[in-house]
Amino acid sequence: MVHDDIYMAKFRIDSMMKNELHYNMELPEKVTNILETDFWVLEQFDKGMLPVLADPIKFTSNVSIFLKSGECQVDIDLITHDISAPCVVNIRRSQILQLKSVSEDFDSSFIVMSKRFCDNLFVLLQDCKFYHTAVRRQVVPIPHDLLGRYKNLYSRIGTIFRERDNPFSYQAMALALSSFFYEVAYKCYSYPSKEFVNSNNRTTCKFIFLVQKYFKEERFLKFYAEQLGISPKHLSRIIKNETGFSAVEWIERYVILEAKVLLKSTNLNIQQVSDELNFPSQSFFGKYFKKKVGMSPKEFRNT
């Protein structure tokens, strides 16, 4: 159970940045406490607590979701994941998630961690050779013989979180997580990942990484081909064969996804959204968006 001073409600919060963010998720009313304390835990989150997520959501903190039962299909930064329990889903700060389907028996726990907390956790775990793999893995299956250990961890973390009179709760949670990784979790990361669209192709993975990093500034294929040291034509062929989308389509999809998030989840006006995405003008952005989405930015924001 969540302690008395936190309850589930729709909310609007002022961002710690300059823009106000509007979230359409069911989260604690006192969400600012999460930002102040660097850490927050919810031990039970089932389908009944999920909103209808028609729109993508951009995460402003690192989130680790422990899926105890059920299945779901989600896009994380446009990569589709078919997820089945038991597993851990790691969503990094600034990643964009879109929920596509969820089963009736969906049940999860999750923890929210600020960048500061994760940086401190890294100091404790940097000597573990599996930790660097763990940071990159989005979905990690949990062997059934370790399931009980994971349930105990989230219960323990929840207990520490609720002990408001403990002046060392921050340190206790960091040490509990790092200890668990060294004792148990590392075993889940010692197997090769099967993620990313049926392929371990290094060129494809590097291309997607570059697009995620530069899509706001670079929309021409030549830039990415030069970064990878291959011709645009060769890059296009590889990406199309591996993913089913052309390289140019990947760039466009990231631009449109970010535009949708900014239009739905911030109070930026359309000119500011256009500027954020480095379009030469609001008019150019409007035409680009309408061509890809089928409606204008204003129409999309009002749907």
Side-chain angles (χ1 to χ4, degrees), residues 6 13-19 21 23 25 27-28 30-43 45 57-66 76-77 79 87-97 108-140 142 150 153-154 156-164 166-190 193 195 205-206 208-216 258 261 265-266:
I6 289 184
I13 64 170
D14 289 332
S15 169
M16 295 179 73
M17 306 298 288
K18 63 181 180 179
N19 300 313
L21 304 182
Y23 293 80
M25 290 186 69
L27 286 177
K30 295 187 177 179
V31 72
T32 49
N33 292 344
I34 301 172
L35 301 176
E36 293 169 1
T37 60
D38 293 299
F39 198 93
W40 188 74
V41 184
L42 184 61
E43 291 180 58
F45 192 83
I57 291 178
K58 188 168 188 175
F59 282 71
T60 55
S61 296
N62 298 284
V63 179
S64 181
I65 303 169
F66 171 33
I76 303 174
D77 279 353
I79 306 298
C87 68
V88 171
V89 182
N90 297 308
I91 303 174
R92 296 183 292 276
R93 188 170 63 94
S94 82
Q95 287 196 306
I96 297 175
L97 177 144
S108 67
S109 301
F110 66 81
I111 54 179
V112 179
M113 297 168 283
S114 71
K115 182 180 183 299
R116 183 172 79 103
F117 186 91
C118 289
D119 288 345
N120 289 334
L121 197 59
F122 171 75
V123 173
L124 296 171
L125 292 170
Q126 61 182 328
D127 293 331
C128 179
K129 66 178 182 180
F130 295 116
Y131 182 65
H132 301 280
T133 301
V135 170
R136 296 191 297 269
R137 293 276 293 276
Q138 298 274 195
V139 181
V140 185
I142 299 174
Y150 270 87
L153 169 71
Y154 278 77
R156 180 184 177 193
I157 292 296
T159 298
I160 296 172
F161 177 72
R162 290 190 295 270
E163 292 176 346
R164 293 302 195 185
N166 181 357
F168 306 108
S169 58
Y170 181 99
Q171 293 89 338
M173 286 186 285
L175 290 171
L177 286 171
S178 60
S179 175
F180 182 80
F181 192 91
Y182 281 118
E183 292 177 18
V184 178
Y186 80 91
K187 299 174 184 178
C188 300
Y189 296 93
S190 59
S193 171
E195 291 179 8
C205 292
K206 288 179 181 178
I208 296 297
F209 173 79
L210 288 170
V211 174
Q212 291 171 344
K213 186 175 182 180
Y214 293 112
F215 73 89
K216 288 184 181 181
E258 185 74 13
V261 170
S265 299
T266 76

Problem set entry | Inter-residue atom distance K115.NZ - F122.CZ, 0.5 Å rounding | 11.0 Å
Exercise. In Å, rounded to the nearest 0.5 Å, how long is the span from CZ of F117 to CD1 of I111?
Worked result: 7.0 Å
For this session: Would you confirm whether N90, through its side chain, and S64, through its main-chain N or O, come within 3.5 Å as a donor-acceptor pair?
Result: no
Exercise. Hey, which of L97, I76, V140 is the one that makes side chain to side chain contact (heavy atoms under 4.5 Å, CB included) with V89?
Worked result: I76
Problem set entry | Interatomic spacing from CE in M173 to CD in E163 - rounded to 0.5 Å | 10.0 Å
Problem set entry | Geometric class of the F161/F39 ring pair [parallel <30°, tilted 30-60°, perpendicular >60°] | tilted
Exercise. When rounded to the nearest 0.5 angstrom, what is the spacing between CH2 in W40 and OG in S114?
Worked result: 14.5 Å
For this session: On the 0 to 90° scale, with breaks at 30° and 60°, tag the F45-F110 ring pair as parallel, tilted or perpendicular.
Result: perpendicular
Exercise. Should we say atom CZ of R156 is surrounded by more than 12 heavy atoms from elsewhere, each under 6.0 Å from it?
Worked result: no
Problem set entry | Worked verdict on L153 versus L177 for side-chain contact (heavy atoms from CB on, under 4.5 Å) | CA-CA 8 Å; L153 169 71; L177 286 171; 4.2 Å; yes
Exercise. SG/C87 to CD/Q138 distance, rounded to the nearest 0.5 angstrom?
Worked result: 11.5 Å
For this session: Would you indicate whether the side-chain heavy atoms of I142 and F66 approach each other to under 4.5 Å?
Result: yes
For this session: Taking D77 for its side chain and I96 for its backbone only, find out whether a donor-acceptor pair lies under 3.5 Å.
Result: yes
Problem set entry | I91 side, atom CD1; K58 side, atom NZ - distance, nearest 0.5 Å | 14.0 Å
Problem set entry | Passing candidate, side chain to side chain contact (heavy atoms under 4.5 Å, CB included) with L175, options L121, I160, L124 | L124
